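Every chain is numbered from 1 and lettered A, B, ... according to where its sequence line falls, protein lines coming before strand lines. Predicted, not measured: the structure shown is a model, and the values here were computed from it.
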Number of protein chains: 2
Amino acid sequence: MKKPVRKEKPGSDKREHHYLNRMRHHSGKYEEFHWPSVELLINLAYTYEVIHSHLARRLDEHNLSLGAFNVLMVLSRFEGDGCPMHELGELLLVSRANVTGLIDYLARRKFVERTEDERDRRVRLVRLTKAGKKFLESILPAHYSRVREMFKGMSNRDKAALSELLMKLRHSTQSSLKRVSMNGGK
Amino acid sequence: MKKPVRKEKPGSDKREHHYLNRMRHHSGKYEEFHWPSVELLINLAYTYEVIHSHLARRLDEHNLSLGAFNVLMVLSRFEGDGCPMHELGELLLVSRANVTGLIDYLARRKFVERTEDERDRRVRLVRLTKAGKKFLESILPAHYSRVREMFKGMSNRDKAALSELLMKLRHSTQSSLKRVSMNGGK
DNA sequence: TATTGTTATACTCTATAACTATA
DNA sequence: TATAGTTATAGAGTATAACAATA
């Protein structure tokens with residue numbers, strides 16, 4: 001398996017200017033255009049991309065995809081009996097089919113193992129192996145200090161406010177989507 | 001080209017409970033763990049996923065990927081001369097190689113066309129065709145009203161505060177990343 | 001030598017359909 | 001019939017390297 005070295009991307013703020021310029025133009029042109037909403041969408045996407053690509057790059061150094069990392073994180077709370085595969089899918093918003101692939105990969109690296117559920121022989125329980133637990137514990141300190149470092153420029157107060165607002169946005173969006181889908185929107 | 005129908009995913013809030021539970025556990029276990037930062041990361045990722053997957057699904061109904069849509073949006077501000085391909089890449093944080101693919105697709109649908117730059121014969125300028133402009137104008141009203149509808153549950157005040165905080169977070173992260181990369185972090 | 005765009009390639013992520021084995 | 005997991009497949013997104021044409 002070849003592992004090419006990835007180049008980090010600089011944050012060009014040409015982008016910010018372009019977006020603002022485009023918004024100004026469209027806001028006069030489309031009646032449905034709602035500045036605060038569009039601005040929010042752009043900021044959410046752009047900010048997420050910057051953070052996501054940085055973290056993915058760091059995990060890549062351990063040959064871990066973000067999906068695989070998330071699986072390990074979820075399993076770290078299921079020691080003992082293990083977690084049914086379909087439940088992993090629900091927690092990660094990933095389809096059953098794709099969970100199979102992630103677990104296959106992690107099982108090849110001996111980080112997880114599948115066992116059978118005695119009570120329902122259709123389900124397979126997944127749990128961390130000793131090696132998997134050890135591996136996760138070896139990378140988490142660096143991960144957590146990276147997260148802390150990355151967000152250092154903001155006060156805890158701002159972080160809490162931002163978390164709060166993001167949660168509010170998510171709930172609002174989800175209930176709006178539910179409403180639409182009940183009215184026949186696909 | 002087969003187009004299977006996609007199922008919308010319900011927002012299960014099992015997820016939220018699991019995350020909080022895991023954070024509580026790790027916060028006692030890892031010294032580097034910083035609750036406000038980790039909470040923020042999780043909220044950012046989860047909220048983005050919900051919104052992104054909804055919008056991607058809607059664009060899919062026009063056989064448009066999010067990337068292709070973004071290209072059209074960028075080009076809508078470059079009428080006249082057109083935009084060099086490498087600049088498209090910078091504005092979308094996408095590599096030159098991948099821009100080629102997006103433009104190929106949009107050119108096949110006759111939404112964009114490539115012309116040559118007289119002043120520098122290495123570069124190719126891309127611009128919307130009449131058909132492309134018409135297409136974009138036909139889908140934007142629904143797009144913008146969807147965005148507005150999606151965020152309806154929040155006040156404009158909250159939206160503005162959220163935008164502001166996201167921008168702050170992005171700038172803080174970017175300068176932190178720049179600092180790390182200057183100190184030899186790859 | 002450096003840059004623009006292209007081609008080739010590869011891995012991740014997401015999504016669906018069809019299959020099996022259980023319930 | 002319905003659910004859990006698997007297999008196969010496909011398209012989107014991202015990334016790198018090597019190349020031709022031009023600067």
Of dT14(D), dT7(D), dT6(C), the nucleotide closest to the side chain of T100(A) is dT7(D)
Taking dT4(C), dA4(D), dA23(C) as options, the one with an atom nearest any side-chain atom of R121(A) is dA23(C)
Checklist entry - Looking at dA4(D), does its base get a donor-acceptor pair with the side chain of D120(A) below 3.5 Å? => result no
Item to check | Below 4.0 Å: OP1/OP2 of dG5(C) and any side-chain N or O of H86(B) | outcome: yes
M85(B) CE to dT3(C) P, in whole Å, measures 18 Å
Nearest-nucleotide check on DNA chain C, E118(A) vs L92(A); residue mapping nearer the 5' end is L92(A)
Separation of dA10(D) atom C1' from N63(B) atom CG, nearest Å, is 14 Å
All heavy atoms of K159(A) vs all of F151(A), minimum pair found to be CE-O, 3.1 Å
*asked:* Tell me whether the count of non-hydrogen atoms from other residues, nucleotides or ligands lying under 6.0 Å of NE2 in H62(B) goes above 12.
replied: yes
Distance below 4.0 Å between R57(A) side-chain N/O and dT12(C) OP1 or OP2
no
Rounded to whole Å, the CD-C1' distance (E87(B) to dG5(C)) equals 15 Å
When rounded to whole Å, the NE2 to P distance for the pair H62(A) and dC11(C) reads 20 Å
Which of dT7(D), dG5(C), dA15(C) is nearest the side chain of V123(B)? It is dG5(C)
Heavy atoms under 4.0 Å, any strand shown: does S65(B) hit a base, just sugar-phosphate, or nothing? sugar-phosphate
From CZ of R119(A) across to C1' of dT3(D) the rounded distance in Å is 16 Å
Pick base, sugar-phosphate or nothing for R96(A), based on heavy-atom distances below 4.0 Å to the nucleic acid. base
Atom CG of D117(B) and atom C1' of dT4(C) are separated, to the nearest Å, by 11 Å
- [ ] Given side chain to side chain contact (heavy atoms under 4.5 Å, CB included), test T129(A) with L75(A) step by step and report yes or no.
- [x] CA-CA 10 Å; T129(A) 60; L75(A) 292 181; over 6 Å; no
For Y48(A) and A45(B), the nearest pair of non-hydrogen atoms, with its separation, is CE1-CA, 3.7 Å
In terms of heavy-atom contacts, K133(A) and L128(A) come closest through CA-CD1, 4.1 Å
query = Is there a donor on the side chain of R122(A) or the base of dT3(D) sitting less than 3.5 Å from an acceptor on the other?
reply = yes
Rounded to whole Å, CD of E49(A) lies from P of dT12(C) at a distance of 20 Å
Here the distance between atom P of dG5(C) and atom CD1 of I103(B), to the nearest Å, is 10 Å
